[in-house]
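A short write-up of the structure that comes next.
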Amino acid sequence: MKTQVVIVGAGPSGLLLGQLLHKAGIANVIVERQSADYVLGRVRAGVLEQVSIDLLDELGIGARMHREGLVHEGIELLFKGARHRIDFPALTGGKTVMVYGQTEVTHDLMDARRAAGLPTIYEVGETATLHDFDTSKPMVRYRKDGAEHTIECDFIAGCDGFHGVSRASVPKGAVREFEKVYPFGWLGLLAEVRPVSDELIYANTERGFALCSMRSMTRSRYYLQVPLADKIEAWSDEAFWNELRLRLDPEARERLVTGPSIEKSIAPLRSFVAEPMRFGRLFLAGDAAHIVPPTGAKGLNLAASDVKYLSRAFAEFYEEKSEAGIDHYSAKTLARVWKAERFSWWFTQLMHRLPDSGEIGQRLQEAELEYLVNSKAASTVLAENYVGLPL
Ligand code: RFL
Ligand code: PHB
């Protein structure tokens with residue numbers, strides 16, 4: 001088989017890139033390790049910035065998001081028993097975010113890809129291998145149903161997440177990795193119950209961080225900071241709800257509706273960047289190149305901005321016969337990535353109980369939170385990063 005761009009991975013980065021390339025008239029094939037159902041079964045991000053909303057609109061697949069998504073004009077920070085609202089439109093000149101799950105985005109993208117008749121090869125397992133991306137004729141090989149397949153292409157887009165094959169295919173000396181692993185994880189629970197509040201609540205409590213989020217007005221997503229060593233089996237639904245209650249203010253505690261979990265999992269928290277994001281004709285995008293801790297809700301949005309830049313670079317290559325876009329992709333993308341990394345790291349260490357920071361660390365954190373909610377300048381820094389920096 002032959003195509004222009006092989007995309008490795010059918011997560012949000014790969015699917016979005018596929019649609020953007022299709023719109024630009026660039027042929028692409030996606031090769032995915034898992035089945036479509038498996039990809040759709042992963043519960044992940046929940047908040048879209050304007051950049052991501054615009055991208056879905058540009059692709060003509062934003063209708064369901066506008067119908068079912070929830071526009072949020074702020075978040076609440078809970079500390080020392082009281083909630084403080086950060087008003088996004090007031091602080092950012094009218095900007096808001098949209099609560100619409102990654103699962104729904106993925107669903108809409110898969111539907112659009114199927115409707116356009118674009119090829120996606122699911123369930124290749126760990127068999128995909130990348131070849132000759134240091135030449136102008138790269139190849140992707142994979143095995144499926146007992147047969148070996150080869151796709152010849154002009155470019156490979158590595159959209160295969162943190163554990164994918166793309167970054168791992170780059171010679172060790174060619175890539176520099178920066179990493180911080182946090183000494184705690186997030187225990188997440190999804191339940192078919194009314195959210196405790198109309199807006200997201202980020203809580204810093206003496207029992208640890210908690211987040212009250214949602215997927216709709218009848219479906220809630222909650223998270224608790226837990227020790228990294230905790231096992232999911234040790235957390236019954238009842239234990240989760242009891243602990244969450246203890247991390248809320250009295251009003252929220254009163255309003256909390258509990259119910260059986262639809263999904264429950266523990267995710268580790270990590271900050272990670274690989275530099276550069278281009279190796280000859282192989283380009284990394286999304287989690288394949290960088291990971292942020294979820295506190296700032298930036299992971300999915302960064303994936304969207306990466307592929308926006310990458311699709312423009314490929315379009316420039318084919319339409320204008322110019323390599324300027326692909327040459328600048330890595331530096332341009334990384335500049336945005338590092339800003340989101342900074343914000344996510346800052347918001348994480350501000351909102352969590354940090355086991356190693358001692359009493360002085362605790363007092364400094366409290367002082368910063370007080371300053372943050374009482375200073376318009378400081379609140380603006382949070383608001384403008386949360387709604388997303390301009391492309
Ligand atoms: P994904 O979503 O990981 O998709 C990568 C795809 O590549 C496939 N793959 C392969 N395919 C072929 N061959 C191989 N060898 C392959 N190896 C892997 C995988 O099966 C998968 O389908 O990366 P992508 O597309 O870059 O999208 C990034 C986002 O998914 C990610 O940034 C966010 O979900 C991060 N994230 C969150 N972000 C937020 O903004 N808010 C959140 O609340 C939030 N929660 C989360 C998260 C990520 C989590 N992970 C990764 C464990 C919660 C979790 C649990
Ligand atoms: C979510 O709803 O899953 C979510 C929302 C905001 C975050 C992280 C996760 O910061």
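Just so you know, ligand 1 is whichever comes first in the structure, and atom 1 is the first atom listed for that ligand.
If you look at F155 and F317, their ring centroids are closer than 6.0 Å. Aromatic ring centres of Y386 and F88 lie closer together than 6.0 Å.
For ligand 1, the atoms lying closer than 4.0 Å to a non-hydrogen atom of G299 are 32 (O), 38 (N), 39 (C), 40 (O). Within ligand 1, the atoms closer than 4.0 Å to a non-hydrogen atom of K298 are 40 (O), numbered from 1 in the order shown. Set against the non-hydrogen atoms of V165, the atoms of ligand 1 under 4.0 Å away are 15 (N). Proximity to G286 (heavy-atom distance under 4.0 Å) selects the following atoms of ligand 1: 26 (O).
Within 4.0 Å of ligand 2, counting heavy atoms only, the contacting residues are R44, G46, V47, W186, L200, Y202, L211, S213, R215, R221, Y223, P294, T295, A297.
Ranking the protein heavy atoms by distance from atom 41 (N) of ligand 1 puts A45 CB, 3.1 Å first. Ranking the protein heavy atoms by distance from atom 48 (C) of ligand 1 puts R44 CD, 3.8 Å first.
Note: an N/O pair closer than 3.5 Å links S13 and ligand 1 by distance alone. Taking distance alone, with nitrogen or oxygen atoms compared against 3.5 Å, N301 stays at or beyond that limit from ligand 1. Looking at ligand 1, you'll find an N or O of D287 within less than 3.5 Å of one of its N or O atoms. Residue contacts with ligand 1: P12 is placed with a nitrogen or oxygen under 3.5 Å of a nitrogen or oxygen of the ligand (distance criterion only).
Here the shortest heavy-atom distance to atom 10 (C) of ligand 1, taken over E126, E123, R33, belongs to R33.
Using a 4.0 Å cut-off between charged side-chain N and carboxylate O, E192 and R219 make a salt bridge. Contact check on E275 versus R176 returns no salt bridge, with no Lys/Arg side-chain nitrogen under 4.0 Å from an Asp/Glu carboxylate oxygen.
There is a path of hydrophobic side-chain contacts, each under 4.5 Å, that joins I121 to V8. L78 and F347 fall into different hydrophobic clusters, where Ile, Leu, Val, Met, Phe, Trp and Tyr side chains are chained together by heavy-atom contacts under 4.5 Å.
A search for salt bridge (charged side-chain N to carboxylate O under 4.0 Å, His left out) contacts involving R143 returns E148, not counting sequence neighbours.
In this structure, a donor-acceptor pair under 3.5 Å is present between the side chains of N301 and S52.
Under 4.0 angstrom from ligand 1, there are no non-hydrogen atoms of A288. Within the 4.0 Å heavy-atom criterion, the part of V31 lying near ligand 1 is the backbone and not the side chain.
Evaluation of the side-chain hydrogen bond (donor to acceptor under 3.5 Å, both in side chains) test over residues 130-139, restricted to residues two or more places apart or in two chains, returns T129-H131. Within the structure, every pair that satisfies the side-chain hydrogen bond (donor to acceptor under 3.5 Å, both in side chains) test and touches residues 55-64, not counting sequence neighbours, is listed here: D57-H66, E58-K308, R64-E68, R64-Y100, R64-E104, R64-D108.
Atom CD1 of I30 is separated from atom CG of L15 by 4.5 Å, given to the nearest 0.5 angstrom.
The local environment of CD in E206 is sparse, with at most 12 non-hydrogen atoms from other residues, nucleotides or ligands closer than 6.0 Å.
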